[in-house]
Amino acid sequence: MRYTQYFLPTLKETPGDAEVVSHQLMARAGMIRKVAAGIYDYLPFGLRVIRKVENIVREEMNRAGAIELLMPAINPADLWQQSGRWQEYGKELLRLKDRKDTEFCVGPTHEEVVTEIVRGTVSSYRQLPLNLYQIQTKFRDELRPRFGLMRGREFIMKDAYSFDVDDAGAEVSYQKMYQAYRRIFERCGLDFRAVEADSGTIGGSFSHEFMVLAETGEDAIVSCGSCDYAANVEKAELRAPVGEASAPTMELGKVATPNLKSIDDVAAFLKEKPQQMVKTLVLQNEREETVAVLLRGDRKLNEVKLCNYLDCNHIQMADEALVRKITGSPTGFSGPIGLSCRVISDYELATMSDFGLGANEENFHLTGANHGRDFQVEAFVDLREAVAGDDCPRCEGKLEIWRGIEVGHVFKLGTKYSEAMNATVLDGQGKERALVMGCYGIGIGRTAAAAIEQNHDDNGIIWPMPLAPFQVIVTMLNPKDEAVSAAGEKLYQDLLDEGIEVLLDDRDERPGSKFKDADLIGIPLRVNVGARGLKEQSFEFQDRRGGERVMLPVEGAAAKVAEQVRAALVVG
RNA sequence: CGGGGAGUGGCGCAGCCUGGUAGCGCGCCAGUUUUGGGAACUGGAUGUCGCAGGUUCGAAUCCUGUCUCCCCGACCA
């Protein structure tokens, strides 16, 4: 591609609304333009990267035995009513009506449509296993789209769905996808971890997220420094502490704590550490069940764990009125003694004694409290969020905390959709069985964004070779110089003949501008063609990733560069 | 959903408090000189100041409404 005939509008300045580096660089490098909140144009240069990611995904999905198809972006409400999600999905589902007032939605995911396909075409276990996938634009009306392609409302996703006659088969299908995902992200040149994740409301038994490690990631993940345990913090299990609480040494006492509502304030007032306080959180789930949760003062509640324990989908902090009703006092003074609701405690309290508590009375707290003696709890369960330094649940190691960008998610669906939509097959015994499903997603644009988060410097993007929109840029320093022009054109042609994707910078710009643009757009390899080098029958050759500039003899230059491109494409 | 902020040439911003008919940098066009890390000079083009009302002799500026966009939070007992 010749630069002068291409469409690559780069920006010197960073757009004001771009917060994270991948978004800034994508905008500056002429990859994307915002059209509306969370909705973007993919300009030619950006689209090339998207296609690179898609093709890697496609090759690995095909290798794993999945079969590509394409489902409609617009889905009839009817299908979503069959699964129950027309009601469940909430505002993220973009709904619309056609001219006949029939309701539709823009598909945010395609379990319903794919299940309908299989229901109507597969009737025997002999046709299984089956794994169908598509690469398609999705729409989710996110509460808060942000960070460019990282969290858009409209986004390109690869979604795959496996169908098996039984759990054993589904497990095999799952493992195939898991391995395919590992290969995909390795081929993309990303530093990632596959972590255990909560399967959420879907209720499946097993789920992994593929996380690209990056400071700007929206998810927190834990991993063990000693073994290969890794999990989303939402999922990260913590071991029950060993030992029991020591015997109480203090009497229960009441102290005035005027206007001291936060644990830190109360602890400071009592000259105690927050670790010696217990906080009482009042929450309510979607069934309007109210529970009180006890946690050590400095800990955070993991709501996902609580939901799993309560077998509910959503839980939130009670409002002021409800807290008053349950505890008899305003927020800030809640405690477990004398509550009219379930009281559940985190594991950790089992080993604590003589701690501080809210008194359920405005402006009062209790000291020297002990469970068993002063109050009872329904159970001690794992409810708190993991922090760095916690014990690994699998070995003797300690947990570390990372930030990550979720680029892929695989999980077992079980029979949720097949049962709801009556998708069954006959097994070997002639018995009708609900299909056992799995679903597997990859965010294509997010993967590209994650690659930039991991591969950039102050000057711009540094594309990993497999994702590079062009593999080589040939920079003609002065295209008006006939020798330069002739040599540049020849190199360009030779590289094309080698099958290399090359951008020829034939613009009549000063060299400085060309170098800046080349760095910004991040082409991995650059060849400078200038009068200075040509005097010695040489080009200059430079690796974008900080390599030294080296002289490259004109003779055989294209072959050498091509060789280096191919070497960088081999899967590690 | 709660809080905060912003909409002024293609991009980044100033002007607004204290109303007087719009400015800077980048980019763009023409010319001259330049040409190895975003050139210099000269000349030029580009704005119904988000939209709708209102106040006023006069509104980018003050008031009301509205739309859009961005950020933070949604763990506080």
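Computed over heavy atoms, backbone and side chain alike; hydrogens, waters and symmetry mates excluded. Throughout, protein chains are lettered first and strands after them, A, B, ... in sequence-line order, and every chain is numbered starting at 1.
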Side-chain touch A/Gln471/A/Val561, heavy atoms, less than 4.5 angstrom: no

Ion pair A/Lys254/A/Glu361, N-O distance below 4.0 Å: yes

Chi angles and distances behind the ring pair (Phe, Tyr, Trp, His ring centres under 6.0 Å) call for A/Tyr3, A/Phe470: CA-CA 12 Å; A/Tyr3 208 128; A/Phe470 294 96; 9.0 Å; no

Sugar-phosphate only, base, or nothing, as touched by A/Val266 at under 4.0 Å among non-hydrogen atoms: nothing

Any N/O donor-acceptor pair, A/Arg28 side-chain to B/G27 base, under 3.5 Å: no

Distance-only donor-acceptor test, A/Asn478 side-chain atoms vs B/G36 base atoms, 3.5 Å: no

Least distance between heavy atoms, A/Leu534 atom then A/Ala483 atom: CD1-O, 3.7 Å

Pairing partner of B/U32 (Watson-Crick or G-U wobble, both distances under 3.5 Å): B/A40

Any donor-acceptor N/O pair under 3.5 Å between B/G37 base and A/Arg549 side chain: yes

Sugar-phosphate, base or nothing in reach of A/Gly530, heavy atoms under 4.0 Å: base

hbond_proxy A/Glu385 side chain to B/C75 base (donor-acceptor, 3.5 Å cutoff): yes

N/O (side chain, A/Lys12) to phosphate O (OP1/OP2, B/G25) under 4.0 Å: no

Base B/G38 paired with A/Arg507 side chain (donor-acceptor, <3.5 Å): no

Sugar-phosphate, base or nothing in reach of A/Thr327, heavy atoms under 4.0 Å: nothing

Salt-bridge present (A/Glu378, A/Arg342; N to O < 4.0 Å): yes

B/G20 to B/G25 separation - C1' atoms, rounded to the nearest Å: 27 Å

Gap in Å between the two C1' atoms, one belonging to B/C70 and one to B/G12, rounded: 15 Å

Sugar-phosphate only, base, or nothing, as touched by A/Gly533 at under 4.0 Å among non-hydrogen atoms: base

Between B/G50 and B/C11 - P atom distance, rounded Å: 14 Å

Strand contacts (RNA chain B) in residues 509-516 of chain A, 4.0 angstrom heavy-atom criterion: A/Arg510, A/Pro511, A/Gly512, A/Ser513, A/Phe515, A/Lys516

B/G25 base / A/Glu13 side chain donor-acceptor hit below 3.5 Å: yes

Heavy-atom side-chain proximity of A/Leu93 to A/Trp86 below 4.5 angstrom: yes

Sugar-phosphate only, base, or nothing, as touched by A/Glu362 at under 4.0 Å among non-hydrogen atoms: nothing

Touch class at under 4.0 angstrom, heavy-atom based, for A/Ile263 against every strand present: sugar-phosphate

Test: A/Glu348 and A/Arg384 ion pair at under 4.0 Å: yes

